[in-house]
2 protein chains.
Amino acid sequence: MEPHEPDLTGVPVTTVLAALADDVRLQIVRALAEGGEATCGSFDFGVSKATRSHHLKVLREAGLTRTRAAGTSRLVRLRRDELDRRYPGLLDAVLSPRPSA
Amino acid sequence: MEPHEPDLTGVPVTTVLAALADDVRLQIVRALAEGGEATCGSFDFGVSKATRSHHLKVLREAGLTRTRAAGTSRLVRLRRDELDRRYPGLLDAVLSPRPSA
DNA sequence: GGTGTTGTTCGATAGTTGTCGAACAAGGGT
DNA sequence: ACCCTTGTTCGACAACTATCGAACAACACC
């Protein structure tokens with residue numbers, strides 16, 4: 001099965017934003033931004049593994065992450081460079097909003 | 001009725017992103033970013049006025065816009081400065097993504 | 001080959017959301 | 001006073017989404 005990791009230019013902005021507009025997924029993205037590559041199982045945010053798998057699929061299909069097999073695990077990483085090139089400042093703004101209004 | 005325009009610091013990031021993650025609302029925001037203040041009726045993007053009113057409410061309650069009465073109309077404007085202070089680069093990135101991947 | 005680990009997929013379900021028409025409210029103009 | 005314009009609110013409805021347990025698949029290791 002192909003991983004279905006789309007070209008960033010082909011993904012509507014609304015799809016990217018919708019992918020980020022969820023608490024669990026935002027925590028995943030935050031963890032990836034800080035810790036680099038990680039296995040799916042490392043994202044234990046109080047949801048079942050079925051739900052986790054679903055969220056990772058949403059992120060992947062929105063072009064936010066890439067996944068590669070590594071034995072029985074799968075390693076997920078953020079497509080930081082590509083995202084920063086297409087949406088400069090978006091990830092920074094979303095991941096660490098300024099305390100000022 | 002109070003307009004329910006929240007303090008930006010009190011709105012979760014996911015709420016802001018969810019508000020932007022809709023095609024009609026993004027068109028409204030884009031129009032506001034380019035044209036400044038505008039009446040609700042000026043946003044005719046193929047939806048009924050009930051739907052339009054709903055979208056404007058979502059934007060307002062997410063802290064993206066302010067609304068003030070002006071006769072029988074209402075004038076809507078983008079909270080650009082506040083948003084740029086709290087989420088630097090977000091609006092720019094969302095409103096005009098680079099063509100490069 | 002069997003067992004355990006790691007993820008994915010498949011229903012099912014409850015909650016949310018986008019959409020509409022119709023009814024309502026508030027002003028302005030004549 | 002009457003009407004017209006402009007928006008909001010109220011059900012209603014369809015579509016989507018987040019969530020789960022259970023079943024399945026792939027791989028490693030003993």
Side-chain angles (χ1 to χ4, degrees), chain A residues 1-6 11-32 35 37-77, chain B residues 1-6 11-32 35 37-77:
Chain A
M1 178 218 318
E2 86 260 18
H4 209 215
E5 292 170 354
V11 180
V13 191
T14 46
T15 302
V16 177
L17 292 170
L20 291 170
D22 178 279
D23 231 327
V24 175
R25 289 196 290 266
L26 205 51
Q27 290 184 75
I28 294 177
V29 170
R30 203 168 268 132
L32 286 174
E37 222 171 17
T39 68
C40 302
S42 68
F43 309 113
D44 191 354
F45 298 118
V47 294
S48 74
K49 63 178 180 174
T51 302
R52 193 189 319 149
S53 193
H54 161 69
H55 284 309
L56 287 168
K57 185 181 183 183
V58 173
L59 289 173
R60 188 177 59 244
E61 294 184 346
L64 288 166
T65 60
R66 284 195 196 280
T67 306
R68 65 188 179 95
T72 155
S73 300
R74 272 154 196 264
L75 289 175
V76 184
R77 69 179 190 281
Chain B
M1 178 219 316
E2 86 263 13
H4 209 213
E5 292 171 355
V11 181
V13 190
T14 47
T15 302
V16 177
L17 293 169
L20 292 169
D22 178 278
D23 231 327
V24 176
R25 288 197 290 268
L26 205 50
Q27 288 183 77
I28 294 177
V29 170
R30 204 168 267 133
L32 286 173
E37 223 171 18
T39 68
C40 302
S42 68
F43 308 113
D44 191 355
F45 299 118
V47 295
S48 74
K49 62 178 179 175
T51 303
R52 193 190 319 148
S53 192
H54 161 68
H55 285 310
L56 288 168
K57 185 181 184 183
V58 172
L59 288 174
R60 189 176 59 244
E61 294 185 345
L64 287 165
T65 60
R66 284 196 195 279
T67 306
R68 65 189 180 93
T72 156
S73 301
R74 274 154 195 263
L75 288 176
V76 184
R77 70 178 189 281

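Computed from heavy atoms alone, side chains included, the values below leave out hydrogens, waters and symmetry copies. Protein chains get the first letters and strands the later ones, always in sequence-line order, with residue 1 at the start of each.
Rounded to an integer number of Å, the gap from A/Asp22 CG to D/dC16 P is 18 Å. In this structure, the CZ atom of B/Phe43 is 18 Å from the C1' atom of C/dG18, given to the nearest Å. For A/His4 and C/dT8, the NE2 to P distance is 15 Å, given to the nearest whole Å. Between the CG atom of A/Asp23 and the P atom of C/dT16 there is a distance of 14 Å, rounded to whole Å. In this structure, CG of A/Leu75 is placed 13 Å from P of C/dT6, rounded to the nearest angstrom. Between the NE2 atom of B/His55 and the P atom of C/dT17 there is a distance of 12 Å, given to the nearest Å. Rounded to a whole Å, the CG atom of B/Leu59 is 12 Å from the P atom of D/dT8. Taking atom NZ of residue A/Lys57 and atom P of nucleotide D/dT19, one finds them 15 Å apart after rounding to whole Å.
Contact between the side-chain N/O atoms of B/Thr39 and the OP1/OP2 oxygens of D/dG7 is found at a separation under 4.0 Å. When the side-chain nitrogen and oxygen atoms of A/Ser73 are compared with OP1 and OP2 of C/dG7, one or more of them lie within a distance under 4.0 Å. Within the structure, every side-chain polar atom (N or O) of B/His54 is placed at least 4.0 Å from both OP1 and OP2 of C/dC20. In this model, the phosphate group of D/dC20 is approached by a side-chain N or O of A/Thr51 to a distance below 4.0 Å at OP1 or OP2.
Closest contact between the side chain of A/Cys40 and the listed nucleotides D/dT9, C/dG7, C/dT9 involves C/dG7.
Summary of the strand contacts: B/Lys49 and A/Arg25 both lie near DNA chain D, and taking for each the nucleotide with the nearest heavy atom, the more 5' one is attributed to B/Lys49.
The base of C/dT5 sits within donor-acceptor range of the side chain of A/Thr72, with an N or O pair under 3.5 Å.
Summarising the geometry of B/Gln27 relative to B/Phe45, their closest heavy-atom pair is OE1-CD2, 3.2 Å, with the distance given to 0.1 Å. Across every non-hydrogen atom of A/Val76 and A/Leu32, the tightest pair is O-CD2, 3.4 Å. Looking at every heavy atom in both residues, B/Leu17 comes nearest to A/Leu17 through CD2-CD2, 3.8 Å.
Across all strands shown, A/Val47 has heavy atoms under 4.0 Å from sugar-phosphate atoms exclusively, and none from any base.
For the salt bridge (charged side-chain N to carboxylate O under 4.0 Å, His left out) test with B/Glu5, the passing option among B/Arg68, B/Arg77, B/Arg66 is B/Arg66; the others fail.
Residues B/Arg25 and B/Val29 are not in side-chain contact: their nearest non-hydrogen atoms beyond the backbone lie 4.5 Å or more apart.
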